[in-house]
J.: 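The following block contains the structure, expressed as structure tokens.
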Amino acid sequence: MILQGKRVALPSAPVVHHQFEAHAAATPDAVAVVHAGRATTYAELDARANRFAHFLAARGHGRGAKVGVCLDYSADMLVAILGTLKAGAAYVPLDPAYPATRLQLLLGQVPGLALIVASPATAAMVESADVEVVDLEQLSGHLAALPATSPGTDVTGDDVCYAVFTSGSTGTPKLTAVRHEGWFNLMNWLKIEYGLHSGSHNLVVSAFGFDLSQRALMTPLFCGATQYLLASRNFDAMMAYRILTEHDIRVVHCASSTLYVLVDWETARGGDALTRLDYVLFGGEALKAERLTDWARRAGNTCTLLHQYGVAECTDVATSYDLAGHRPGEQDIPPVGTPAYNTDIHLLDEELRHVAPGEQGEICIAGAGVGGGYLNAGPENRKFTTIEVDGEPLRIYRTGDRGRINETGDLVVLGRIDAQVKVRGMRIDPTDIERALARLDGVREAAVAVTHTSAGEAELTAFIVPAGDDLAEDDVRARLLRTLPRNMVPARFLTIARLPLSPHGKVDRAALANDLRDRYAASGTAA
């Protein structure tokens with residue numbers, strides 16, 4: 001089974017920063033970025049990025065080089081990113097919100113790291129790296145003497161523009177390379193398909209290390225719009241909502257769980273900043289549509305919710321679906337839609353053969369968005385492989401996700417192939433249980449984690465955030481048994497105030513499992 005995206009011609013050199021440069025030339029006085037109340041114009045940002053590009057070139061860090069960026073959200077971050085791209089190099093996000101030990105682990109996974117851009121607030125976090133660490137503020141005098149014009153480096157669509165870390169089944173973070181062609185294709189699709197323009201101002205709400213944040217950072221500059229940045233290292237719902245209220249923000253990219261937080265914030269305060277947006281583009285985890293239904297149906301809500309699917313290895317987004325078209329039924333899973341431009345979805349069986357219509361298969365992505373592979377992983381690169389279609393070889397990425405095509409021709413993601421666990425002799429995907437729990441009255445949201453008995457046997461624990469009063473465990477279990485087989489009903493149901501989020505804005509299941517172990521360790525019983 002194949003879903004094909006629309007074919008759209010790309011320029012001979014589909015290079016992202018060229019679009020930014022065109023806007024800087026056409027509208028130099030337009031505001032490119034706002035941070036902590038300070039506005040930077042396109043002309044100012046372009047000149048600063050050009051000077052940094054010349055700085056990199058003078059040190060020999062051009063095409064093929066990798067430049068680490070360990071900065072808090074700021075205009076300097078965009079200077080470092082754009083300057084790196086202009087020099088022909090690729091940037092690597094090193095998120096200062098990560099613990100120091102995590103950053104040290106990541107630094108050891110970047111082959112051929114050229115240098116790191118940091119600040120006085122972040123330099124100590126990357127001092128273990130065996131490369132030069134530079135501070136743009138301290139370099140300001142030296143940079144001011146460099147040309148403010150573009151270095152004119154020859155960059156192609158096949159060159160790597162950034163490399164981002166993604167967790168893997170081996171436990172070692174993988175560094176996946178994204179090509180300019182894929183990134184350009186993604187932003188070009190967003191611009192054309194959804195009519196983004198110079199007024200499509202954006203607010204970044206996700207962590208810098210997240211793959212989603214890379215397109216959230218660059219898309220407004222690709223369209224000639226203004227980028228607003230939070231003056232906070234970690235997501236701050238109050239600050240984010242204040243900026244949405246006070247400025248003409250039109251677009252937000254975020255993980256699903258971050259959207260729930262923003263919707264809750266607006267609902268509790270009776271605001272309308274979210275409802276006045278043009279678009280929220282979200283995804284990254286299984287959608288709990290029930291969390292959004294009441295808000296989405298509010299009178300006067302003009303915000304379009306785009307439920308999207310993709311992976312970091314394939315430039316973050318492969319498909320998109322306007323959630324307004326979803327009519328939930330008892331067992332329905334919200335679709336993730338149809339492919340982006342120049343992108344195809346192949347559903348394959350274990351032998352890499354296409355499954356028949358209506359059947360489940362592994363979701364494999366082909367097209368412009370397929371990245372350059374893992375830079376620090378050998379065997380893992382087998383996920384990038386080649387199949388034959390109509391007698392021709394086709395490069396694909398095997399996502400490891402299960403999916404099917406529904407009757408309307410939209411992709412539905414069913415869960416991870418490797419997320420299935422064996423409980424009492426049966427293979428179970430915890431996501432299926434979370435969906436069933438979310439449909440129960442009185443359940444605001446839920447997450448299911450795999451835990452183990454004292455004998456080492458796997459079992460399931462459900463963490464439930466109630467919509468009102470605490471729920472009785474026996475009642476939840478009884479109601480769940482009406483829709484799920486007994487072997488899929490969790491052994492424990494724990495009520496919690498809120499689900500913890502990772503720095504990327506997704507539900508942190510590891511934190512839930514650790515919390516459970518701590519609870520039972522304190523009580524002297526086995527988790």
Side-chain angles (χ1 to χ4, degrees), residues 13 15-94 96 110 112-127 129-155 159-162 180 208 217-218 221 224 226-227 229 231:
V15 175
V16 169
H17 59 272
H18 287 176
Q19 289 294 111
F20 163 76
E21 290 171 338
H23 291 301
T27 56
D29 296 328
V31 176
V33 58
V34 175
H35 173 258
R38 185 184 184 282
T40 302
T41 68
Y42 270 81
E44 291 169 338
L45 184 58
D46 189 46
R48 292 186 61 197
N50 284 333
R51 291 188 173 103
F52 183 60
H54 284 287
F55 170 84
L56 292 176
R59 277 169 163 69
H61 304 321
R63 288 182 66 182
K66 289 176 283 295
V67 175
V69 179
C70 186
L71 294 170
D72 293 306
Y73 282 125
S74 60
D76 277 357
M77 175 188 281
L78 289 171
V79 168
I81 289 173
L82 287 165
T84 298
L85 298 177
K86 286 168 175 280
Y91 75 93
V92 180
L94 299 169
V110 186
L113 184 63
L115 60 76
I116 299 173
V117 185
S119 69
T122 64
M125 301 177 183
V126 292
E127 62 184 3
D130 190 24
V131 296
E132 181 182 13
V133 178
V134 301
D135 178 349
L136 293 182
E137 185 174 338
Q138 292 180 357
L139 285 174
S140 59
H142 176 68
L143 293 174
L146 297 177
T149 54
S150 172
T153 306
D154 182 24
V155 181
D159 286 329
V160 176
C161 50
Y162 71 84
H180 270 280
F208 180 40
L217 276 166
M218 198 56 60
L221 301 183
T226 301
Q227 175 65 273
L229 300 173

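Throughout, residue positions are numbered sequentially from 1 according to the sequence presented.
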J.: Return the set of residues passing side-chain hydrogen bond (donor to acceptor under 3.5 Å, both in side chains) with Thr153 (not counting sequence neighbours), or none when no residue passes.
T.: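 In terms of side-chain hydrogen bond (donor to acceptor under 3.5 Å, both in side chains), with neighbours along the sequence ignored, Thr153 is linked to no residue.
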J.: Under the ring pair (Phe, Tyr, Trp, His ring centres under 6.0 Å) rule, what pairs show up with a residue in residues 131-153, not counting sequence neighbours?
T.: Phe55-His142
J.: Please name all residues satisfying side-chain hydrogen bond (donor to acceptor under 3.5 Å, both in side chains) with Tyr91, sequence neighbours left out, ordered by chain then number.
T.: Gln214
J.: Show me the donor-acceptor pairs, under 3.5 Å and distance only, between side chains in residues 113-120 and residues at least two apart or in other chains.
T.:
unit_1 : atom_1 : unit_2 : atom_2 : d
Ser119 : OG     : Ala121 : N      : 3.3
Ser119 : OG     : Thr122 : N      : 3.4
Ser119 : OG     : Thr122 : OG1    : 3.3

J.: What heavy-atom pair brings Ala36 and Ala231 nearest, and what distance separates the two atoms?
T.: CB-CB, 4.3 Å
J.: In chain order, what residues pass the side-chain contact (heavy atoms from CB on, under 4.5 Å) check against Ala39, with sequence neighbours excluded?
T.: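 side-chain contact (heavy atoms from CB on, under 4.5 Å) check on Ala39 returns Val31, Val34.
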J.: Below 4.5 Å, heavy atoms only, C-beta onward: do Asn50 and Pro151 meet side chain to side chain?
T.: yes
J.: So which heavy atom on Leu45 is nearest to which on Ala75, and how close?
T.: CD1-O, 4.2 Å
J.: Taking all non-hydrogen atoms of both residues into account, name the closest pair between Val16 and His180 and its distance.
T.: N-ND1, 3.5 Å
J.: Quick check: closest heavy atoms across Thr41 and Asp29, and the distance to 0.1 Å?
T.: CG2-O, 3.8 Å
J.: Between His61 (side chain) and Ala89 (backbone), is there a donor-acceptor pair under 3.5 Å?
T.: no
J.: Please identify each residue that fulfils side-chain hydrogen bond (donor to acceptor under 3.5 Å, both in side chains) with Arg48, with sequence neighbours left out.
T.: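 Expected list: Asp76.
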J.: Of all residues at least two apart in sequence or in a different chain, which pass the side-chain hydrogen bond (donor to acceptor under 3.5 Å, both in side chains) check with Ser150?
T.: none
J.: Which heavy atom of Leu221 sits nearest to which heavy atom of Ala32, and what is that distance?
T.: CD2-O, 3.5 Å
J.: For the CG atom of Leu85 and the CZ atom of Phe20, what is their distance to the nearest 0.5 Å?
T.: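 Taking CG in Leu85 and CZ in Phe20, the distance rounds to 10.5 Å.
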J.: Taking the side chain as every heavy atom from C-beta outward, state whether Met77 and Leu229 have any pair of such atoms under 4.5 Å apart.
T.: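 The answer is no; the side chains never approach within 4.5 Å.
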J.: With sequence neighbours excluded, what pairs up with Lys86 under the salt bridge (Lys or Arg N to Asp or Glu O under 4.0 Å) test?
T.: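 Lys86 satisfies salt bridge (Lys or Arg N to Asp or Glu O under 4.0 Å) with Glu21, Asp46 once adjacent residues are dropped.
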J.: Does a side-chain heavy-atom distance below 4.5 Å link Tyr162 with Ile81?
T.: no
J.: Is any side-chain heavy atom of Phe208 closer than 4.5 Å to one of Leu217?
T.: yes
J.: According to side-chain contact (heavy atoms from CB on, under 4.5 Å), who are the partners of Ala30, at least two apart in sequence or on a separate chain?
T.: Thr27, Tyr42
J.: Not counting sequence neighbours, list each pair that qualifies as a salt bridge (Lys or Arg N to Asp or Glu O under 4.0 Å) and has a residue in residues 63-73.
T.: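 Salt bridge (Lys or Arg N to Asp or Glu O under 4.0 Å) check on residues 63-73 returns Arg63-Asp159, Asp72-Arg233.
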J.: Can you tell if the side chain of Arg51 reaches within under 4.5 Å of the side chain of Val79, non-hydrogen atoms only?
T.: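 Contact flag for Arg51/Val79 side chains = no.
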J.: By side-chain contact (heavy atoms from CB on, under 4.5 Å), which residues pair with Pro28, not counting sequence neighbours?
T.: Ala43
J.: Please identify each residue that fulfils salt bridge (Lys or Arg N to Asp or Glu O under 4.0 Å) with Glu132, with sequence neighbours left out.
T.: Arg59
J.: On a heavy-atom basis, which atom in Pro147 and which in His54 lie closest, and how many Å separate them?
T.: O-CD2, 3.3 Å
J.: Do Leu78 and Thr40 come close enough that some side-chain heavy atom pair is under 4.5 Å?
T.: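 With C-beta onward as the side chain, the pair stays apart.
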J.: Is the shortest side-chain heavy-atom distance between His35 and Gln227 below 4.5 Å?
T.: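 The answer is no, as the side chains (C-beta and beyond) never meet within the 4.5 Å cut-off.
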